[in-house]
Protein chains: 2
Amino acid sequence: MNQHRLEEGLALLKENRIRLTPQRLAILEYLANTDSHPTEDEIYKSLSNKFPNITNATIYNNLKCLKKNGIINELKYGEDASRFEWVTEPHYHVVCKSCGRMRDFNYPELKEVEAYVEKLSGFQINHHLFEVHGICSVCKQSQK
Amino acid sequence: MNQHRLEEGLALLKENRIRLTPQRLAILEYLANTDSHPTEDEIYKSLSNKFPNITNATIYNNLKCLKKNGIINELKYGEDASRFEWVTEPHYHVVCKSCGRMRDFNYPELKEVEAYVEKLSGFQINHHLFEVHGICSVCKQSQK
DNA sequence: CTTTATGCAAAACCTTTGCATGGTC
DNA sequence: GACCATGCAAAGGTTTTGCATAAAG
């Protein structure tokens with residue numbers, strides 16, 4: 001139970017006068033306590049027990065809200081649906097192209113490339129993304 | 001007119017016994033002669049003059065076919081719709097988060113990160129992606 | 001009590017698929 | 001002539017939106 005994280009998130013919401021509904025809290029708790037980079041649908045399925053009437057729209061609205069308030073990141077870089085993660089220190093992702101699962105990895109931040117590209121292209125750069133694609137050991141196993 | 005490219009593509013199709021329809025040729029020509037990383041819809045709109053009855057399905061089918069035969073790459077990493085580019089030497093992309101446009105840039109290939117992550121994660125890595133995000137000069141201008 | 005969130009339904013958007021017809025080799 | 005591609009329509013998956021009701025501060 002990542003209580004510390006959760007409380008930081010709750011504080012951020014309070015600061016920005018975002019109301020705390022039971023559904024929103026449940027989504028926050030779910031995201032604070034996982035490193036699985038869930039999709040909206042995974043969150044939806046997981047909360048359906050506790051909130052039988054919850055809808056995808058509510059989950060989406062909340063994810064958008066949490067993202068806007070700097071609590072979570074949306075990862076659109078994978079294959080189909082967006083995945084979401086708690087905001088932490090900068091890091092990169094390994095993605096399994098078979099099952100879509102993601103895992104974090106750390107590597108010296110490639111900030112120098114941002115500067116290089118900014119000069120080169122005239123773009124105003126504020127972000128970069130490094131992603132490594134392959135097949136995870138589970139999927140590799142089951143392919144045999 | 002990038003005749004050289006186009007002929008390579010045509011040769012690849014012939015080699016693999018893929019039929020050359022007028023629509024397919026037009027899509028090939030479009031992609032051989034642009035560096036704009038178009039979406040399916042941009043291609044569709046562009047060909048609608050010449051082929052009034054062409055449908056998105058045809059474009060999609062062809063893009064899938066060209067991708068399968070190693071002639072084009074699909075770039076799914078951006079925001080909404082996939083973008084497509086002619087296959088060339090490895091390179092990276094700068095993406096404008098306002099208009100979605102992409103431009104290529106070159107940088108020493110980060111193959112060593114693949115090896116590092118392979119050891120670290122147990123994934124079998126075969127690809128990586130480096131993308132720099134910002135605002136292009138056109139969008140920066142129009143924001144004022 | 002004011003304002004925002006929820007749940008529901010509908011729709012938007014991108015992409016895929018089934019099928020009859022037409023075109024390529 | 002055999003087989004594949006096209007065009008059309010329909011549907012699938014993800015995400016957004018409008019609106020009445022319910023809940024939060």
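- For A:Y60, no side-chain nitrogen or oxygen approaches OP1 or OP2 of D:dT16 to under 4.0 Å.
- Along DNA chain C, the nucleotide nearest B:S82 and the nucleotide nearest B:I18 are compared for position; the residue whose nucleotide lies closer to the 5' end is B:S82.
- A:L63 has its CG atom 15 Å from the C1' atom of C:dT6, to the nearest Å.
- Residue B:N53 places its side chain closer to D:dC8 than to any other of D:dC8, C:dT16, D:dT14.
- Of the two residues near DNA chain D, B:R19 and B:T58, the one whose nearest nucleotide lies more 5' is B:R19.
- In this structure a side-chain-to-backbone donor-acceptor pair under 3.5 Å is missing from A:E131 to B:L129.
- Spacing between atom CD1 of A:I43 and atom P of D:dT14 amounts to 13 Å, rounded to whole angstrom units.
- Contact check, A:T21 against C:dT6: a side-chain N or O comes under 4.0 Å of OP1 or OP2.
- Protein atom CG of B:L13 is 13 Å distant from nucleotide atom C1' of D:dC4, rounded to whole Å.
- Distance from the side chain of A:N62 is smallest for C:dT6 among the nucleotides C:dT16, C:dT6, D:dT6.
- Atom-to-atom, CG of B:N56 to C1' of C:dT17 comes out at 14 Å; the value is rounded to the nearest Å.
- Regarding A:L25, its CG atom lies at a distance of 17 Å from the P atom of D:dA23, rounded to whole Å.
- Atoms NZ (A:K67) and P (D:dT16) sit 8 Å apart, rounded to a whole Å.
- Side-chain contact annotation: A:E114 with B:H133, donor-acceptor N/O pair under 3.5 Å absent.
- Residue-level contact check: A:P22 touches the backbone only, with heavy atoms under 4.0 Å from sugar-phosphate atoms and none from bases.
- Side-chain N/O atoms of B:K64 include one lying less than 4.0 angstrom from OP1 or OP2 on C:dT17.
- The aromatic rings of B:H128 and B:Y92 sit tilted relative to each other, their planes meeting at an angle between 30° and 60°.
- One atom, CG of B:L66, and another, P of D:dC4, lie 17 Å apart when rounded to the nearest Å.
- Contacts of A:N61 with the nucleic acid, taken as non-hydrogen atoms under 4.0 Å apart, include base atoms.
- For the pair A:Q23 CD and D:dA23 P, the computed distance is 10 Å after rounding to whole Å.
- Distances from the side chain of A:R24 to the nucleotides D:dT15, D:dC8, C:dA5 place C:dA5 closest.
- Remark: side-chain polar atoms of A:N106 are not paired, donor with acceptor, to backbone N or O of A:H91 under 3.5 angstrom.
- Using a 4.0 Å heavy-atom criterion, one finds that A:T39 contacts no nucleic acid atom at all.
- Nearest-nucleotide assignment on DNA chain C puts the 5′-proximal partner with B:E74, out of B:L20 and B:E74.
- Note: A:Y116 and B:Y107 meet the aromatic proximity criterion, with ring centroids under 6.0 Å apart.
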